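Beneath this line is the structure, given in structure tokens, with notes to follow.
Predicted model, so just to flag it, every value in this text is computed and none were measured. Just so it is clear, the values below take in all heavy atoms, side chains as well, and ignore hydrogens, waters and symmetry mates.
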Protein chains: 4
Amino acid sequence: MPPPQARWARRKDARPAEILDAALKVFAVKGYAGARMDDIAQAAGVTKGTIYLYFDGKEAVFKSLVRDSIGTALAGMDEARKSFHGSAKTLLRFALNTIAHLITTGDRAVLLKIILSESGNFPELARFWRSEIIDRGLARMSAIVELGIAQGEFRSLPVEHAVRLCMAPLLLSAIWRSTFAQFDVAPYDYQGLIDTHLDVLLKGLAP
Amino acid sequence: MPPPQARWARRKDARPAEILDAALKVFAVKGYAGARMDDIAQAAGVTKGTIYLYFDGKEAVFKSLVRDSIGTALAGMDEARKSFHGSAKTLLRFALNTIAHLITTGDRAVLLKIILSESGNFPELARFWRSEIIDRGLARMSAIVELGIAQGEFRSLPVEHAVRLCMAPLLLSAIWRSTFAQFDVAPYDYQGLIDTHLDVLLKGLAP
Amino acid sequence: MPPPQARWARRKDARPAEILDAALKVFAVKGYAGARMDDIAQAAGVTKGTIYLYFDGKEAVFKSLVRDSIGTALAGMDEARKSFHGSAKTLLRFALNTIAHLITTGDRAVLLKIILSESGNFPELARFWRSEIIDRGLARMSAIVELGIAQGEFRSLPVEHAVRLCMAPLLLSAIWRSTFAQFDVAPYDYQGLIDTHLDVLLKGLAP
Amino acid sequence: MPPPQARWARRKDARPAEILDAALKVFAVKGYAGARMDDIAQAAGVTKGTIYLYFDGKEAVFKSLVRDSIGTALAGMDEARKSFHGSAKTLLRFALNTIAHLITTGDRAVLLKIILSESGNFPELARFWRSEIIDRGLARMSAIVELGIAQGEFRSLPVEHAVRLCMAPLLLSAIWRSTFAQFDVAPYDYQGLIDTHLDVLLKGLAP
DNA sequence: TATGAATGAGTCTTCATTCAT
DNA sequence: TATGAATGAAGACTCATTCAT
């Protein structure tokens with residue numbers, strides 16, 4: 001709970017990020033329509049009106065949220081991959097572990113859920129995600145798989161399917177974490193899933 | 001005098017199913033909050049008031065929808081599996097193909113999306129799905145995997161992870177179909193994904 | 001006070017007119033912005049939501065109000081004038097008395113006030129009134145004055161000014177009635193004003 | 001070092017008038033409720049907060065505006081009239097021309113519009129105007145008309161009506177200028193109206 | 001003296017629900 | 001059984017006002 005002094009604190013530059021953080025949490029739980037501006041405001045430690053100083057409205061908050069969270073995640077992965085050299089196997093192992101880490105920490109996983117939920121109401125956002133996150137992610141993964149096939153590390157398989165097989169358990173992790181994990185009696189071992197996935201996958205892909 | 005069936009035909013027995021079908025479509029696109037009773041009524045070919053003759057309200061429609069669609073799908077699979085005898089490999093192949101068929105035809109895929117979207121607003125439904133669909137589905141799959149390990153067809157691997165690996169591409173199919181497929185230029189080959197999945201998976205699981 | 005029975009009376013066809021009548025009264029007193037939908041609804045004997053069954057919103061109510069009240073008033077005058085034949089003097093006398101009657105009875109006078117008030121916020125309505133009411137009214141009056149000049153009943157004077165001189169006391173009546181009459185200790189004698197106006201005007205216009 | 005006058009120049013004495021000037025313009029266009037403090041502040045070249053240094057709030061600005069603008073106009077006319085001696089005709093001619101000048105120049109005409117608009121929301125201001133402006137103006141005009149009748153220059157007519165006939169075209173000018181003139185293709189000749197008015201009026205009033 | 005970020009009461013608008021027909 | 005006009009609670013958004021700087 002924040003110290004009750006300073007109801008009138010002025011922090012112009014910090015506000016937008018705080019509001020988006022709060023919005024992410026609220027949207028994740030309530031969905032777009034179910035989230036009230038009051039909820040978001042309260043979560044951000046401000047009042048309703050303040051949100052309107054920084055955003056045009058609820059939809060603008062939502063769109064900012066979705067758009068802002070792209071580069072951050074993907075760019076980090078790109079950076080890491082550039083500085084990496086090795087076999088396709090090692091690369092794949094590294095890539096999946098990196099993405100798994102992104103998904104299983106922080107609030108990023110819920111964004112996927114939000115996009116799924118609201119693809120009907122905001123098709124342009126679904127398209128945006130499709131092209132900016134999904135397609136770009138698949139393209140990177142494709143490069144790795146194709147490299148592996150070219151170097152004789154992997155069998156020759158349809159790449160479009162193979163890359164989805166690589167990603168599928170990560171998707172499952174994200175969904176599990178954001179929706180069903182709350183009912184787990186014992187916390188699920190996501191790392192164990194990834195390890196097993198890599199074990200099975202690499203053996204399955206081997207020539 | 002014209003036949004008196006006309007507009008006010010009494011179809012007390014057919015109505016609830018018609019309304020639920022309509023509701024499924026509307027909820028899938030708009031989400032729970034975004035769906036208006038008017039939308040559902042129109043999709044069902046009745047007016048708002050009629051829905052209240054058969055359901056207590058919006059929430060009751062939604063809950064009926066989610067609860068009703070369980071048995072149907074899962075029971076069918078159970079039935080088929082009982083009459084089936086063979087190796088764990090064949091069983092796994094059969095099970096995944098059956099589920100894939102359920103997912104890639106009809107409107108069932110969107111139910112998953114609905115549950116994900118509304119797990120925050122209706123936690124009891126998420127719990128219900130978790131226990132009635134997910135856990136039961138995982139249990140059946142576990143039985144197959146354990147059988148395979150026991151019979152020496154599969155390597156000894158953590159079953160809880162292995163079953164999720166089996167299911168993950170199906171989950172991806174469902175999500176792809178209900179959310180991102182609309183932006184595909186060429187329709188995605190779901191069967192190809194399943195075939196490749198089984199190919200890689202069974203090789204990966206082999207001792 | 002209306003009988004308290006029948007909160008749920010259904011009178012689809014009567015509602016729009018009732019709402020517009022109520023809106024006229026409320027807008028006249030409070031102005032556009034100051035009028036609350038609740039006020040209008042209450043004045044119309046319905047609730048807020050009902051207004052939205054018949055109008056798209058506050059602005060639509062306002063615009064309907066202004067547009068609807070044109071033909072009614074002006075058309076009646078036209079009709080009467082067509083069946084009238086006589087000297088320009090008699091015609092002028094008849095026309096001014098007719099308009100004066102329109103202005104000093106019913107709620108029409110407040111419409112002018114509303115237009116004046118909101119010409120800044122709804123310029124298209126001011127333009128509409130200008131062209132549909134003012135210009136058409138001035139044109140009719142011009143015809144009379146020009147007739148009088150042609151027939152030698154009136155002096156030759158700039159018609160554009162003369163017609164405004166004819167109308168000005170009517171405008172004053174409308175404004176007085178809708179704004180300042182409320183503070184009169186004794187009710188003002190509008191008919192006396194018109195009589196004096198015609199007396200002075202016709203003498204002033206005479207050759 | 002640059003001269004320190006800059007943004008924060010203290011202009012305690014000039015501010016109130018600047019703000020009222022700005023407020024007059026904004027109220028005239030938007031009406032009372034439609035005018036935002038931000039609008040007024042911007043028009044005055046200050047920020048919202050500054051207005052509150054000089055006025056208690058929006059209503060205070062509005063009331064100051066209406067009250068302040070009385071003496072100025074009327075007092076000037078009084079002054080001029082005192083130093084004037086001649087026939088009632090000449091006096092009337094002078095008075096109407098003076099008022100017409102006041103109305104057709106500067107921003108005074110819009111004040112009338114504001115009073116009309118807000119007489120419902122601020123009845124005390126309407127009463128104030130009624131007594132301070134209207135009644136006093138009518139009283140002065142009555143003196144002239146009565147003088148004319150007493151001196152045999154004018155016919156014996158009901159003075160209460162005659163004075164309104166004198167003023168009506170001025171009122172029309174004010175309203176035309178503040179509301180409908182914006183749609184004129186050619187600028188209206190207000191002086192021509194007054195000239196014609198005096199021509200017709202004086203002839204009409206003559207015995 | 002001046003600023004402008006922050007507040008929160010007030011309104012429009014939507015839509016689930018009711019009920020007379 | 002079916003309709004759809006009417007209701008009213010709920011929530012997005014605005015803007016007059018406050019106050020730390």
Any side-chain heavy atom of B:S119 within less than 4.5 Å of one from B:L125? no
Taking the side chain as everything from C-beta on, heavy atoms only, tell me whether A:R36 gets closer than 4.5 Å to A:V26. no
Quick one: is [N] close enough that its OP1 or OP2 comes under 4.0 Å of any side-chain N or O from [X]?
{"X": "C:T50", "N": "F:dT7", "value": "yes"}
{"X": "D:Y54", "N": "E:dA2", "value": "yes"}
{"X": "D:K48", "N": "E:dG4", "value": "no"}
{"X": "B:T47", "N": "F:dT3", "value": "yes"}

Just the rounded figure in Å: distance from [atom2] of [N] to [atom1] of [X].
{"X": "B:I51", "N": "E:dT18", "atom1": "CD1", "atom2": "P", "value": "13 Å"}
{"X": "C:Y52", "N": "F:dA10", "atom1": "OH", "atom2": "P", "value": "18 Å"}
{"X": "D:L53", "N": "F:dT18", "atom1": "CG", "atom2": "C1'", "value": "12 Å"}
{"X": "A:R15", "N": "E:dA5", "atom1": "CZ", "atom2": "P", "value": "11 Å"}
{"X": "C:K58", "N": "F:dC13", "atom1": "NZ", "atom2": "C1'", "value": "14 Å"}
{"X": "B:Q42", "N": "F:dG4", "atom1": "CD", "atom2": "P", "value": "12 Å"}
{"X": "D:D38", "N": "E:dA5", "atom1": "CG", "atom2": "C1'", "value": "12 Å"}
{"X": "A:M37", "N": "E:dT13", "atom1": "CE", "atom2": "P", "value": "18 Å"}

Paired nucleotide for F:dT21 [Watson-Crick or G-U wobble; both distances under 3.5 Å]: E:dA2
Need to verify one output field. Residue with the more 5' nearest nucleotide on DNA chain F, D:D56 or A:A33? A:A33
Is C:G57 touching bases, backbone alone, or none of the nucleic acid, heavy atoms closer than 4.0 Å? sugar-phosphate
Could you check whether B:A35 gets within reach of a base, just the sugar-phosphate, or nothing at all, counting any heavy atom under 4.0 Å? sugar-phosphate
Could you report the tightest heavy-atom contact between A:K113 and B:L116, atom names first, then the distance? CE-O, 3.0 Å
Shortest non-hydrogen separation from D:E118 to D:Y32 and the atoms involved: OE2-N, 3.1 Å
Between A:E124 and A:K63, does any NZ, NE, NH1 or NH2 come within less than 4.0 Å of an OD or OE carboxylate oxygen? yes
Assert: residue with more 5' nearest nucleotide on DNA chain E, out of B:G49 and D:G45, is D:G45
